[in-house]
A.B. asks: 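There's a structure below that I have some questions on.
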Protein chains: 2
Amino acid sequence: MTSLNKITDFRRPVAINLANRPTASSCDDCGARRHGLCDALSDDEVGFLARAAQHVSLQPNTVFIEEGEAALYFYNINSGNVRLFKSLPDGRRQITGFAGPGHFLGLAATTKNMFSAETMEPVKLCRFSRSSIAAVFEEFPVLERKLLDVAMHELVLSQQQMLLLGRKTAIERIASFLLSWAERLEICASGALPKPNVSMPLPLSRTDLADYLGLTIETVSRSLSNLKREGLIDIPNIHEIILLRPQALSDIAEAAV
Amino acid sequence: MTSLNKITDFRRPVAINLANRPTASSCDDCGARRHGLCDALSDDEVGFLARAAQHVSLQPNTVFIEEGEAALYFYNINSGNVRLFKSLPDGRRQITGFAGPGHFLGLAATTKNMFSAETMEPVKLCRFSRSSIAAVFEEFPVLERKLLDVAMHELVLSQQQMLLLGRKTAIERIASFLLSWAERLEICASGALPKPNVSMPLPLSRTDLADYLGLTIETVSRSLSNLKREGLIDIPNIHEIILLRPQALSDIAEAAV
DNA sequence: CGTGACCTTTGATATGGATCAACGGCCATA
DNA sequence: TATGGCCGTTGATCCATATCAAAGGTCACG
């Protein structure tokens, strides 16, 4: 907890001088807007945030955060999606979540990275030195408030995932995943079901799916085939799923009695 | 996400008038101190926080947050420990974590509770109306900063738990749990191993252990017996574990190769 | 259009942990 | 000290999913 205070102690002097900041630039530079994090920032301030960072473009399948390495930076994703995961020495892997445009990574107050992050497609992101965290928060206190909301929401999601990993069967995991993925894609409102027959892109390999759901690729494949055989979904191709009967999926996912 | 803005929109007018607040009272009233959340608050302010809440005493095994119910309050625990869990309609239960003195519960911006909370022993806590969240944060902005740190730390813990639930074997789960429990009790520094032969209270039933680790009580019992048989731990009684060889436990927990 | 690498699906078999069952220890109560 | 209920342990068996194996699809590249 010592490093915690170093980073977020509110008494820390402000290192960034906004009086000298550059003039406004497009908010598109700042992935934070995607999460509504910029709502309360002026264009000037958003431009400043964008300029305070190093802008990085990454190829697909690039590991840019490695578990165990020194935590020198935090990141804000501008475009593209990444997977977050933890690994065991023998190669077992658990994907703990996905992050897309607007997400912040590496904010936890630890000296080493507690997870790895790998791009799933071409990604653009902003990299900030962690020593500037306190200063950034000092300048943009509203960021803290919004980040707290985001963090609380992610805790809710990870609790759902713990229930899935600890107590659900393979078919329940797949059904749960399909519905939560639809929510993530905003195909339906949070907590609501998508309409029947909606199509959904699924840009994940079976390996990613298995590592996210705590299964093997064979079990993932079989479970999807079962759902298809029973007419609850259709699978026109590997990276597309049609949710034929969302209600039936939900009954399976929530183990309705 | 509409309710999110309702609660945390920084423009919301301040409803609490600190000018009229009561004079200082003991900080012991405020569980927040246990998490260092009060470090930056004056005794006056802490006393105010304590008075703004309803103080509640609960018997052991009382469910005071029920998943799915309207989320009317948030809570700050003063004394005692609680378990947080999610359930499926058929009775399967996943404990997602434990909360003790200083923890805040129910801060997520949702209209319904996303988990249940049940006391494990006599518990005292402060209950706040959720409609006052914005006002509380407005008066004590440092609270937000600290809560963000706490939330980030809990995300790290839940990622560890996802790895455990998704990819570890029964014996690895038990070994991981014993070491993380020692950390929680501050028997050892975060990330460090306890010294050999340290004794540790374990005020959890086998059922709680099973529901936390995604196993059955029989498998928990067998795994503990195995570790005992191999001389890595001793179990003088149900609610006490002696960590004879923490390094060996760690090798199992981390699947050292 | 053919080739090969990689990914997915499907089938056969193995196994870790769940389930079913019985027993034993502990504690509260009389 | 005896009794009953609850919890934990241990043993026997079962089953959901892992593992092993092979075949089929798809796509990039020559």
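First the proteins, then the strands, lettered A, B, ... as listed; each starts at 1. Any value given below was found using the heavy atoms of this structure, including those in side chains, with hydrogens, waters and symmetry copies removed.
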A.B. asks: Going 5' to 3' along nucleotides 9-14 of chain D, which nucleotides have protein heavy atoms under 4.0 Å from the base (write B), which only from the sugar-phosphate (write S), and which from neither (write -)?
C.D. replies: BBBB--
A.B. asks: Please give the angle, rounded to 10 degrees, between the axes at the start and the end of the helix from C:dC1-D:dG30 to C:dA30-D:dT1, where five pairs define each axis.
C.D. replies: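 Answer for the end axes of this duplex: 40°.
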A.B. asks: Which heavy atom in A:S158 sits nearest to a heavy atom in B:L155, and how many Å separate them?
C.D. replies: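 Here A:S158 and B:L155 meet closest at OG-CD2, 4.3 Å.
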A.B. asks: Round to a whole Å and report the spacing from CD1 of B:I171 to P of C:dA18.
C.D. replies: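 Whole-Å distance recorded here is 13 Å.
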A.B. asks: Looking only at the side chain of A:T216 (C-beta and beyond, no hydrogens), which of the listed nucleotides C:dG17, D:dG8, D:dT19 gets closest?
C.D. replies: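 Of the candidates, D:dT19 comes closest.
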A.B. asks: Is a side-chain N or O of B:T62 found less than 3.5 angstrom from the main chain of B:L58, in a donor-acceptor match?
C.D. replies: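 A pair under 3.5 Å: no.
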A.B. asks: Would you kindly give the CG-to-P distance between A:N226 and C:dT9, to the nearest whole Å?
C.D. replies: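 Rounded to whole Å, this separation is 12 Å.
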A.B. asks: A:H239 NE2 to C:dT9 P: how many Å, rounded?
C.D. replies: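 One finds 10 Å between P of C:dT9 and NE2 of A:H239, rounded.
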A.B. asks: Do the side-chain N and O atoms of B:E121 and B:N81 include a donor-acceptor pair separated by under 3.5 angstrom?
C.D. replies: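 Looking only at side-chain atoms, B:N81 and B:E121 do form a donor-acceptor pair, the distance falling under 3.5 Å.
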A.B. asks: Output yes when A:R92 and B:E172 qualify as a salt bridge under the 4.0 Å nitrogen-oxygen rule, no when they do not.
C.D. replies: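 Here A:R92 pairs with B:E172 in a salt bridge, since their nearest N and O are under 4.0 Å apart.
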A.B. asks: Rounding to an integer number of Å, can you tell me how far A:L204 CG sits from C:dT8 C1'?
C.D. replies: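 Going from A:L204 (CG) to C:dT8 (C1'), I get 15 Å.
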A.B. asks: Rounded to whole angstroms, how far apart are CG on A:D208 and C1' on C:dT8?
C.D. replies: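 Distance, rounded to whole Å: 14 Å.
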A.B. asks: Find out whether B:R93 and A:R167 are in side-chain contact, i.e. whether some heavy atom of one side chain is under 4.5 Å from a heavy atom of the other.
C.D. replies: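 With C-beta onward as the side chain, the pair stays apart.
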A.B. asks: Could you check, using the six-membered ring where one of them is a Trp, whether B:Y212 and B:F98 have ring centers closer than 6.0 angstrom?
C.D. replies: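 Under 6.0 Å, so yes.
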A.B. asks: Rounded to whole angstroms, how far apart are CG on B:N237 and P on C:dG24?
C.D. replies: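 Nearest whole value for this atom pair: 21 Å.
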A.B. asks: Out of C:dG17, C:dT8, D:dA18, which nucleotide sits closest to the side chain of B:T169?
C.D. replies: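 Looking only at heavy atoms from C-beta outward on B:T169, the closest nucleotide is C:dG17.
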A.B. asks: Could you state the NZ-P distance from A:K228 to C:dT8, rounded to the nearest angstrom?
C.D. replies: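 Going from NZ in A:K228 over to P in C:dT8 covers 15 Å.
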A.B. asks: Just how far, in rounded Å, is C1' of C:dG17 from CZ of A:R167?
C.D. replies: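 The distance from CZ of A:R167 to C1' of C:dG17 comes to 12 Å, rounded to the nearest Å.
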A.B. asks: Would A:R127 count as a cation-pi partner of A:Y75, with NZ or CZ less than 6.0 Å from the six-membered ring centre and within 45° of the ring normal?
C.D. replies: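 Negative - A:R127 is either too far from the ring of A:Y75 or too far off its axis.
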A.B. asks: Roughly how far apart are B:Q161 CD and A:Q94 CD, rounded to 0.5 Å?
C.D. replies: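 B:Q161 CD to A:Q94 CD: 11.0 Å, rounded to 0.5 Å.
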A.B. asks: Can you spot which of B:I217, B:D211, B:L215, B:T219 makes a side chain to side chain contact (heavy atoms under 4.5 Å, CB included) with B:R206?
C.D. replies: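 Filter result, single survivor: B:I217.
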